[in-house]
2 protein chains.
Amino acid sequence: MDRRVTKKGDDDASGKERPTLKTLAFMTGLGVTTVSRALKDAPEIGAETRRRVQLVAKQIGYRPNRAGVRLRTGKTNVISLVLNTEHELMSFVSDIIYGVTEVIADTPYHLIVTPYSRSQDPLDPVRYLVETGSADGVIISRTQPNDPRARYMLEHGIPFATHGRTDMGLVHPYHDFDNYAFAGEAVRYLAGRGRNRLALVTPPVGLTYYGHTVNGFADALSEVGASEVPFNTVSIDQSIEQIRTRTAQLMRRKDRPDGFVSSAAAATLAIVAGIEDAGLKLGRDVDVVSKQSSELLHLFRRELLVVNENFRLAGSELARAVLGWIGGKDPGSLQSLSTPSEVLPYRG
Amino acid sequence: MDRRVTKKGDDDASGKERPTLKTLAFMTGLGVTTVSRALKDAPEIGAETRRRVQLVAKQIGYRPNRAGVRLRTGKTNVISLVLNTEHELMSFVSDIIYGVTEVIADTPYHLIVTPYSRSQDPLDPVRYLVETGSADGVIISRTQPNDPRARYMLEHGIPFATHGRTDMGLVHPYHDFDNYAFAGEAVRYLAGRGRNRLALVTPPVGLTYYGHTVNGFADALSEVGASEVPFNTVSIDQSIEQIRTRTAQLMRRKDRPDGFVSSAAAATLAIVAGIEDAGLKLGRDVDVVSKQSSELLHLFRRELLVVNENFRLAGSELARAVLGWIGGKDPGSLQSLSTPSEVLPYRG
DNA sequence: TTGGCAATCTGTAACGTTTCAGTATATTGA
DNA sequence: TCAATATACTGAAACGTTACAGATTGCCAA
């Protein structure tokens, strides 16, 4: 009875509790509304009041309560990165995360990682995010020409960016590496070294950049007059062991290739192992051009020819794109394509 | 005037809006409070009512609003993984994230990644998380014997787990790989192959497992009667180039080692490159035992001797530990140590 | 003097949830 | 039979924020 309980109205500047708008209002002698507006530079607040409020806010280290903002406005200040837990490249995960965090570092945004596994429909995590309103923006990878996730997000009006392009006649932000150019450069480089029977280690079938890579490869082949040694049983998201044994089989055949173009560093390790399993020597019997995202391949074999793909940059670009869309920019203006470096031989 | 604005009370089952407790209350004819309690199996709700509410909730796909819960209770349902954007191993980032997400997949928890860079105090991100109440639990890596972050979080009562142990006489959950055992096994294995002048490529100086590794190395050296070739200028978070050139320098000396123990796969690549730069041959002139977290080293050089460290497991254990602490378990009971595999030579 | 208007500021309600303090009804003990 | 008590439910308040609809003041034109 008559127990003193914490009641509305007793606002102490005593210290230990996190400051809220109410705290600021009490300290400045203003109303909560005024403080709120002063902090976001609303026009109807007097210049001096604005400065005063912002000063006090900085002094006591006021930080808006995310839950309050989110509940009231629906804005989560969260970007979600949707990742496949089985098929993403290790370096991709690490670099893209750092790229994203670099960009959102001086914004109120947090990055959440939303995983999905082989057994799930890739649409699941996206649907979850949209249905629960868990993010203001989404980044997806492993993009397909006809991508249900992109379609779904467009329909539901949530900003997103894709790593890789789609081909549905729909406009959305993306960042992509120019794999058409990569494959072409690789073929031309190999042709320049006299290689003319080339095999392609493709990206995962079904992803958009599979098509880009295959086309770049084919177009350059006919341009330089080289021929393709079919190697369709292999793609980069197979296991190291599979790639290795199939490469070894291929290299034991009479009509073996004298050059490889590989879309990923991990696969390249397996390719080289397979080549050597067959008793052949890299650089003498066969040349390999490979994409890589870190500087490791030249430590592995100096004879390798590499093209660098910068996933950290991809992460930054994707983050910038999503934030841009959230901020109201035209999605069509938030698309970027990264041009491959030249093919780089080892230099001590 | 008299404009009809959306008002309290008009609750439509019309469809497009996300269902809330109010929606459920309306549909079941119960009060919001009752619905809330029924959903969390509170004791004072009748068995049938409970079932009815839960059924309807499932039917219409009710999901509690995170912002509502968070605002009211302070519970964020967020775990934060704090990562250094420059020094973490690539494979570490990727695997630990997947390990964590695996465990939190069937919980309401989200994973946020909180980065910090070389230039920042490692305490900064942790302080941020605590001050803004952005997470219910935190996972940190690069743990030090006297770790200010762990101390800070203990003082502020936020549950956390560390990858690696501390040595401050304070109890908290951790997961660690037994690097003392690893270094010891490595030395014994090398000794078994007749190697007796060994160099250690250490973890970053200052981290707890630096000490564990160094001690395991030293103790096993004296146990087997081998000697150490000092290689203190190198640790695994140096650049590939630095490690490589310093290794080459070392290997050109008369008193060069005939065995290496390396704490990380990336460093091992550089070590091998350095060895070969000096004109020596792996397996003949020198043996290298290395930790690795993916199966790549044997593709790189068959002569390498490897010990596997499972970062995905680490992620899972750390997540389990944090959730356990959040759930009220005794932090002292949430510590785990992972025992290294034996040293594995290549087997075709 | 008055009405109008711009410039500043303010109280209230609402976002969705949980907790507190009840209320209503049925059940029990004596 | 009556009070005590258990059972099952409920409304109101509060978490921190922003949007809405005022309120107050001062100034200027008529």
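The model shown is predicted, which means the values in this text are computed figures rather than measured ones. Numbered from 1 within each chain, the chains take letters A, B, ... in sequence-line order.
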Across the strands shown, which category fits B:G31 at heavy-atom distances under 4.0 angstrom: base, sugar-phosphate, nothing? sugar-phosphate

Indicate whether OP1 or OP2 belonging to C:dT18 is found under 4.0 Å from a side-chain N or O atom of B:S36. yes

Whole Å only: how far is the CG atom of B:L71 from the C1' atom of D:dG16? 5 Å

Residue-phosphate contact under 4.0 Å: A:T49 side-chain N/O, C:dC9 OP1/OP2: yes

How long is the line joining CZ of A:R50 and P of C:dA7, in whole Å? 13 Å

To the nearest angstrom, how far is B:K75 atom NZ from D:dA14 atom P? 25 Å

Side-chain N or O of B:K40 closer than 4.0 Å to phosphate OP1/OP2 of C:dT18: yes

At 4.0 Å (heavy atoms only), tell me whether B:R37 reaches a base, stays on the sugar-phosphate, or touches nothing. base

Separation of D:dC9 atom P from B:D41 atom CG, nearest Å, is 14 Å

Decide whether B:R70 and A:N65 meet the rule of one side-chain donor and one side-chain acceptor closer than 3.5 Å. no

Can you find a side chain N or O atom of A:T34 that sits less than 4.0 Å from OP1 or OP2 on C:dT8? no

A:E317 and A:R320 ion-paired at < 4.0 Å: yes

Would you kindly give the CZ-to-C1' distance between B:R70 and D:dT17, to the nearest whole Å? 13 Å

Which nucleotide sits closest to the side chain of A:E44: C:dT8, D:dT17, D:dC9? C:dT8

Out of curiosity, B:T20 OG1 to B:R63 CZ, how far, rounded to the nearest 0.5 Å? 15.0 Å

Upstream residue (5' side of DNA chain D) when A:N65 and B:V35 are each assigned their closest nucleotide: B:V35

Distance in Å, A:I96 CD1 paired with A:F311 CZ, rounded so as to fall on 0.5 Å steps: 7.5 Å

Look up atom NE2 in B:H156 and atom CG in B:L154, then write down how far apart they are to the nearest 0.5 Å. 11.0 Å

Start at the 5' end of DNA chain D and walk down; is the nucleotide closest to B:T33 or to A:R72 reached first? B:T33

Protein-nucleotide distance (A:L30, atom CG; D:dA23, atom P), rounded to Å: 20 Å

Touch class at under 4.0 angstrom, heavy-atom based, for A:L21 against every strand present: base

